[in-house]
Each structure stands twice: as C-alpha cells, then as structure tokens.
2 protein chains.
Amino acid sequence: MKLAAEIFARKGFQATTVREIATEAGILSGSLYHHFDSKETIVDEVLSTFLDDLISRYRAVIEKGGKPRPTLTEMVRIGFGSLEPHRAAITVMQNDWSYLRQIERFDYLVKAEHVVERMWVDQIKRGQAEGQLRADIDPKLTYRMIRDAIWVAVRWFRPGGRLGTAHLADHYISVLFDGLAAGEPV
Amino acid sequence: MKLAAEIFARKGFQATTVREIATEAGILSGSLYHHFDSKETIVDEVLSTFLDDLISRYRAVIEKGGKPRPTLTEMVRIGFGSLEPHRAAITVMQNDWSYLRQIERFDYLVKAEHVVERMWVDQIKRGQAEGQLRADIDPKLTYRMIRDAIWVAVRWFRPGGRLGTAHLADHYISVLFDGLAAGEPV
DNA sequence: GTCTATAATTTGATAGAC
DNA sequence: GTCTATCAAATTATAGAC
C-alpha cells in the first residue's frame with residue numbers, strides 16, 4: 001500500500017495504472033487483486049489513515065485546553081510534522097482532490113475537512129476574544145491561509161533536504177504571528 | 001478553448017475526455033480534431049497564455065523601480081488579481097502540475113516558475129538590504145510561502161462570492177507584513 | 001466544419017491453472 | 001499467492017462522406 005501511495009503521489013491517481021503498481025511490487029497485475037479489490041480501495045486506505053492520524057493529533061492538543069496562541073502554534077507544528085510521515089497521502093489529497101471528491105465513496109474527505117476547519121477557526125476566534133490575536137482579521141480566511149501554506153509545502157518539501165519540517169514550522173510561525181515588516185510600515 | 005479549460009479545471013486534465021469537451025461544445029468528438037490536433041495542444045494554449053500574462057505584469061511593476069515593499073505588495077495584488085481572469089489555468093497548474101511537468105512539451109512550465117521565483121526573491125532580498133523587511137527570514141522560503149498561499153486560493157475562491165480578490169489581497173498583505181499577533185508575544 | 005464509422009491502444013478487473 | 005489469458009469498456013485519434 002505504501003508503495004502504491006508513492007506512485008499515486010508521483011504520477012497522480014488516475015495516471016497510475018494497476019499494472020504499474022503491480023510491476024513495482026514485483027508481481028503481475030492480476031495478482032494484485034488478491035490483495036486489493038480495486039484501485040480505489042488502495043487510495044482509500046492511504047487517505048483515511050492520514051486523516052485519522054491528523055485529526056486525532058489536533059484533538060489531543062486542543063483537549064489539553066491551553067491558550068489559543070500556543071495551541072495554534074502546536075497545530076502548525078503538527079501540520080508540518082505530517083509532511084514527512086504522510087508525504088504521499090498529502091500529495092494525493094492536493095493533486096487529486098477535485099477528482100476524488102466527485103466520487104461518493106470519498107465523501108468523508110469533505111467531512112474531515114469541515115471538522116478540521118472548525119477546530120482551527122474556533123482557536124482563532126478564541127485568540128481574538130482573549131486579545132492575543134488581532135481582532136481585525138477574518139478567522140475563516142486566516143485559517144485557509146494557514147492551511148494552504150502548510151499543505152502545499154508538500155510539493156517542494158524534500159525529506160533530508162536543507163530544511164527540516166521543524167525549521168519550516170518555526171519559520172512559518174514566526175512570519176505568521178509577527179509579520180515580515182522590519183520597522184514601521186512604509 | 002476557454003470551454004475546454006473549464007472542464008480541465010473541474011475534472012482534471014486526464015479525467016477530461018475529448019468526447020466531453022466536444023459534447024460541451026455542441027459537436028462530436030471527431031469534429032473537435034478540426035480545431036485542435038491533440039488534447040495536449042488545448043491545455044498548452046491555456047497555460048502559456050496565463051504564464052505570458054503573469055510574467056509580463058510582474059515585469060511591468062518591477063521595471064517601475066519602486067521600493068521593494070510596495071513592489072512586493074503590488075506583486076501580491078497581481079497574483080490575487082489573476083485568480084478571476086485565469087481561474088481555469090491556475091487550477092490546472094495546481095492540480096495537474098505533477099503530471100504535466102513529466103511531459104517534455106511542458107518543460108516551459110518549470111522554466112517559467114524559475115523566472116518568477118527569481119523576481120520575487122530579488123525583491124525580498126532588496127527589502128532586507130534596505131531594512132524594510134526582517135533580516136532573519138529566509139527569502140526563498142518566504143517566497144514559496146507567499147506563492148503557495150496565493151495560488152492555492154484558487155481552490156476555494158469563488159468569483160462573486162463574499163470575498164473579492166482585492167479584499168483577499170489586502171487581508172493577505174496585512175497579515176503577511178504585520179502578523180497575526182495583537183500585542184506582545186506570549 | 002460536422003458527421004459517421006472505426007482503428008489502435010489502454011485500462012480495470014476476472015477466471016482458473018499451478 | 002502468483003501467473004496466464006482474456007474480457008469488456010473506454011479512450012485518443014483518424015479517414016472519408018456530406
């Protein structure tokens with residue numbers, strides 16, 4: 001399954017043929033159906049494993065009940081921290097989202113997205129209410145900004161490259177909370 | 001062509017069949033080949049039109065030779081401003097990038113990406129050199145952050161929705177330069 | 001400039017021998 | 001648990017009539 005996920009990530013779900021997966025696994029395409037009953041089932045396992053892990057991690061941080069800003073900081077770290085262990089799954093979600101969401105079987109993708117959005121937006125709003133975050137920003141828009149910046153990083157992030165995910169997270173958190181500007185606005 | 005682009009954006013390049021494009025155009029699939037010699041040619045025109053427009057707009061702002069921060073601000077506005085007129089092309093670039101880049105014919109996509117990266121990174125470095133931007137941020141990483149946040153917005157941005165692209169740009173610029181934090185770091 | 005008809009290939013999936 | 005053999009369907013693209 002991990003092997004198939006890598007190919008899906010590299011070539012896209014639709015462009016990946018069952019024959020290709022089988023060949024890479026060292027068997028023939030017919031034999032693959034002894035392990036999986038369809039191509040969709042394979043990608044299904046890949047994606048749901050990722051989402052279950054992500055949501056349970058978010059939940060764990062939120063249920064500690066800390067202040068919003070450190071909670072959000074932790075959530076950013078969880079996101080970037082997923083890039084490595086779930087690289088293939090995240091890539092597939094990014095690239096094949098618009099295709100997969102059309103298929104009834106993958107309705108849970110949209111549902112999971114809603115659950116996650118609520119978690120983030122809640123924390124942002126609490127941060128505003130408690131005066132830790134600027135009141136003039138749009139919570140939902142801000143959530144999307146953060147979410148997008150984290151997940152799209154999977155496109156260029158290379159494990160073992162010059163930048164580790166912890167460094168990425170720190171950099172992003174720094175810019176996100178304190179901004180790019182050095183002194184007074186120009 | 002604009003019609004085909006919409007379908008590519010909605011369903012993905014590979015999932016879109018030639019029959020589908022023809023049907024939506026009110027003709028049969030065979031007839032489509034009177035107008036285009038292949039499916040790739042159609043998407044080629046869509047993407048190169050977008051990239052030519054984008055790069056020439058960036059160039060125009062940069063050649064005005066203003067200070068880095070207002071130049072970067074303008075560049076962010078150009079990006080968000082492209083979401084509406086080039087929505088389909090941007091969506092295809094986002095969703096089918098990893099597939100298209102494998103095809104020799106689309107080598108120019110990667111080249112264009114390099115040109116654009118240089119433009120952004122140059123401005124960010126100048127901003128740091130002139131003291132308008134924090135010196136402790138990574139220019140290339142910051143560019144990627146900005147780029148990603150802009151282009152991925154095409155996934156959820158809806159023309160005529162509650163948020164216009166100008167509003168989006170303003171919100172993003174505000175957070176980007178000044179940060180989310182309200183008061184002192186916690 | 002569109003249609004009909006069809007070629008050539010590829011694809012996901014199955015059946016049964018070993 | 002893998003292989004051989006193959007099916008049924010779908011796909012891009014072409015040829016030629018109108």
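To find a chain, count down the sequence lines: A is the first, B the second, and so on, and within it residues start at 1. Heavy atoms only: backbone and side chains are in, while hydrogens, waters and symmetry mates are out.
- What separates CZ of B/F36 from C1' of C/dT2 is a distance of 16 Å, to the nearest Å.
- Nucleotide C/dG12 holds its C1' atom 13 Å from the CD atom of A/Q14, rounded to whole Å.
- B/W97 does not carry A/R155 over the face of its six-membered ring by the limits of under 6.0 Å from the centre and within 45° of the normal.
- A cation-pi contact links A/R69 to A/F177, judged by a cut-off of 6.0 Å to the six-membered ring centre and 45° from its axis.
- Atom CD1 of B/I150 and atom CG of B/L83 lie 8.0 Å apart (nearest 0.5 Å).
- Closest to the B/Y33 side chain, of the nucleotides C/dA13, D/dT14, D/dT11, is D/dT14.
- Comparing C/dG12, D/dC3, D/dA13 by their nearest atom to the side chain of A/S31 picks out D/dC3.
- A sub-4.0 Å separation between OP1 or OP2 of C/dG1 and a side-chain N or O of B/H34 is present.
- Spacing between atom CG of A/L32 and atom P of D/dA5 amounts to 20 Å, rounded to whole angstrom units.
- For B/Y172 and B/W151, the ring centers are positioned 6.0 Å apart or more.
- Of the candidate nucleotides C/dA13, C/dT2, C/dT4, C/dT4 has the atom nearest to the side chain of B/L28.
- Which of C/dG12, C/dG1, D/dT2 sits closest to the side chain of A/H35 comes down to D/dT2.
- Atom CD1 of A/I7 is separated from atom C1' of C/dT11 by 16 Å (rounded to the nearest Å).
- The CD1 atom of A/I103 sits 13 Å away from the C1' atom of C/dG12 (whole-angstrom rounding).
- We find that NZ of B/K39 is positioned 8 Å from C1' of D/dT11, with the value rounded to whole Å.
- The CZ atom of A/R19 sits 11 Å away from the C1' atom of D/dC7 (whole-angstrom rounding).
- When the nucleotides C/dT2, D/dC3, D/dA13 are ranked by their closest atom to the side chain of B/I27, C/dT2 comes out on top.
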